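Below is one structure, written out as structure tokens; the observations come after it.
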There are 2 protein chains.
Amino acid sequence: MTTKEKIIDTALQLFNKQGIDPVTTRHIAKEMNISHGNLCYHYSKKEDIIGQLYHNLVAELDQEIAAIQSGVPSLEMLMQATAATFRIQYKYKFILQDMVAIMRKIEPIGQHFKVLYQQRKNQFRLIIQYLLMQGLIESEKVKGQYDNFIDQFYIIGDFWVSEAEILFDGPDEEKLAHYTQLAFSLIIPYFTPKGLEAYQYLQKAHQKD
Amino acid sequence: MTTKEKIIDTALQLFNKQGIDPVTTRHIAKEMNISHGNLCYHYSKKEDIIGQLYHNLVAELDQEIAAIQSGVPSLEMLMQATAATFRIQYKYKFILQDMVAIMRKIEPIGQHFKVLYQQRKNQFRLIIQYLLMQGLIESEKVKGQYDNFIDQFYIIGDFWVSEAEILFDGPDEEKLAHYTQLAFSLIIPYFTPKGLEAYQYLQKAHQKD
DNA sequence: TTAAATTTAGGACAAATGTTCTAAATAATT
DNA sequence: AATTATTTAGAACATTTGTCCTAAATTTAA
């Protein structure tokens, strides 16, 4: 691993543990036993490190989603995509926990996130349409209901890490499983009997892993 | 207004606009045209100011909720409580936007929030029971469904301000109305036909205001 | 009115932070 | 083997921040 990579790695650990505010470039350098000057040679500003980490987060998400979406859309695909997304988000949890502060400090990230959000929303719309066509979820009781649903899903998807940091005591794997299930269960009340059956089947299959 | 009150007032404005990190005690003092020494006489530490503001948030929430809950439980009550809560949360939005950072910086707040969360959850459980008894919402399709629902509701309730800061362009009142509706609409898929009717009636009544 | 308490202004000081610079050490290239 | 480029360490510097102190000004109480 190059020094540059190790800086990113160490910074991620420290940011995740303490948040961006109390972690300085000097702390990162000390943690990995290199000089402060050396660290500044690679990343002269803390913002550059955060920017790189945000870039890595997005890259990992893109890669994972692309891999999953290469298959046929299905309920299982949605579950897998959710689980994969949550796992990656948790890996970079400081970004979501300090989201507003980061967006204010580094404007381009805020802009990018906005675009990304629209893309994700459109992707989700396609999946909803698929689930409707397959008769797995009911048609809208109220106009715009599924648009609301998507917004709700993404708020929880972006901020469960913050809520978990404050409220959840327990190992990371349990935390991840709990909140993945919590978010995904948003869809349950929309299921048709057929959809519910498919969901419960997948749940059982997943528990065997 | 005493100097002490004005400090709290000014700090709230600055924190809401810029977040806690970039706002220093000197900025607050300068903003209100008093000396830095004077400000430190009243609040020697930034944490004390944040603590006071958190205290005020909780006090306002308690007061509002108590007033609303003095009446008979109803769907309208739940809507009013949601709207009132969201309004107060938005007034102190920096607390929710910088939640994780604040909890880490000031541990007692984190502890208090945990307790508060359990209280709110229990209150909500009572309301759910009431709505069930009145036949306004369906009984659980899946065990633990309404517990999940409450958790989902509170994640959105706590973090819509963060999402809105990044994604929503528009005046505060619209923002507030949009996210209040978004959170409340979580309950729609659980409505019985009777519940849906009651909801739509209340929606219309509310739009006339 | 006088004495005491409170409030205010301004400065002092150490510690921390972001940033830049220089020179040594190491690696790569010719 | 020589030289060029890259990487590293360490120091230096201005700024900022939290904290404390003193003395003046103002208000309150006796």
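In the text below, chain A, chain B and the rest are named by the order of the sequence lines, each starting its count at 1. It should be emphasised that the depicted structure is a prediction, and the values quoted were computed from it without experimental measurement.
Using modelled atom types, one side-chain atom of K141(B) and one backbone atom of F191(A) make a donor-acceptor pair closer than 3.5 Å.
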R120(A) and D158(A): salt bridge (Lys or Arg N to Asp or Glu O under 4.0 Å), yes or no, with the steps?
CA-CA 12 Å; R120(A) 292 196 296 167; D158(A) 287 337; 3.3 Å; yes
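Within the structure, ring-ring contact (aromatic ring centres under 6.0 Å, His included) pairs that include any residue of residues 61-85 of chain B do not occur (at least two apart or interchain). Each ring-ring contact (aromatic ring centres under 6.0 Å, His included) pair with one or both residues in residues 16-48 of chain B, not counting sequence neighbours, would appear here, but there are none. Screening residues 31-50 of chain A for salt bridge (Lys or Arg N to Asp or Glu O under 4.0 Å) gives no qualifying pairs among residues at least two apart or on separate chains.
For F153(A) and F184(A), the gap between ring centers reaches or exceeds 6.0 Å.
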Any N/O pairs under 3.5 Å between the protein and nucleotides 15-20 of chain D? List them or say none.
unit_1: dG18(D); atom_1: N7; unit_2: R26(B); atom_2: NH1; d: 2.9
unit_1: dG18(D); atom_1: O6; unit_2: R26(B); atom_2: NH2; d: 3.0

List, with names and distances, any nitrogen or oxygen atoms from the protein found under 3.5 Å away from nitrogen or oxygen atoms belonging to nucleotides 5-7 of chain C.
unit_1: dT7(C); atom_1: OP2; unit_2: Y41(B); atom_2: OH; d: 2.7

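At a threshold of 4.0 Å, the pair D98(B)-R104(A) does not count as salt-bridged, since none of the basic side-chain nitrogens sits closer than that to a carboxylate oxygen. Under a 4.0 Å N-O distance rule, the pair R87(B)/E173(B) qualifies as a salt bridge.
In this structure, CD1 in I102(B) is found 6.5 Å from CD1 in I109(B), a value given to the nearest 0.5 Å.
Separating the CD1 atom of I7(B) from the P atom of dT8(C) is a distance of 8 Å, rounded to the nearest angstrom. Atom pair L39(A):CG and dG18(C):C1' shows a separation of 12 Å (rounding to whole Å applied).
The stretch residues 101-109 of chain A has no heavy atom under 4.0 Å from DNA chain C, so no residue of it qualifies as close.
The two atoms that bring Y146(A) and E140(A) nearest to each other are N-OE2, 3.0 Å, heavy atoms only.
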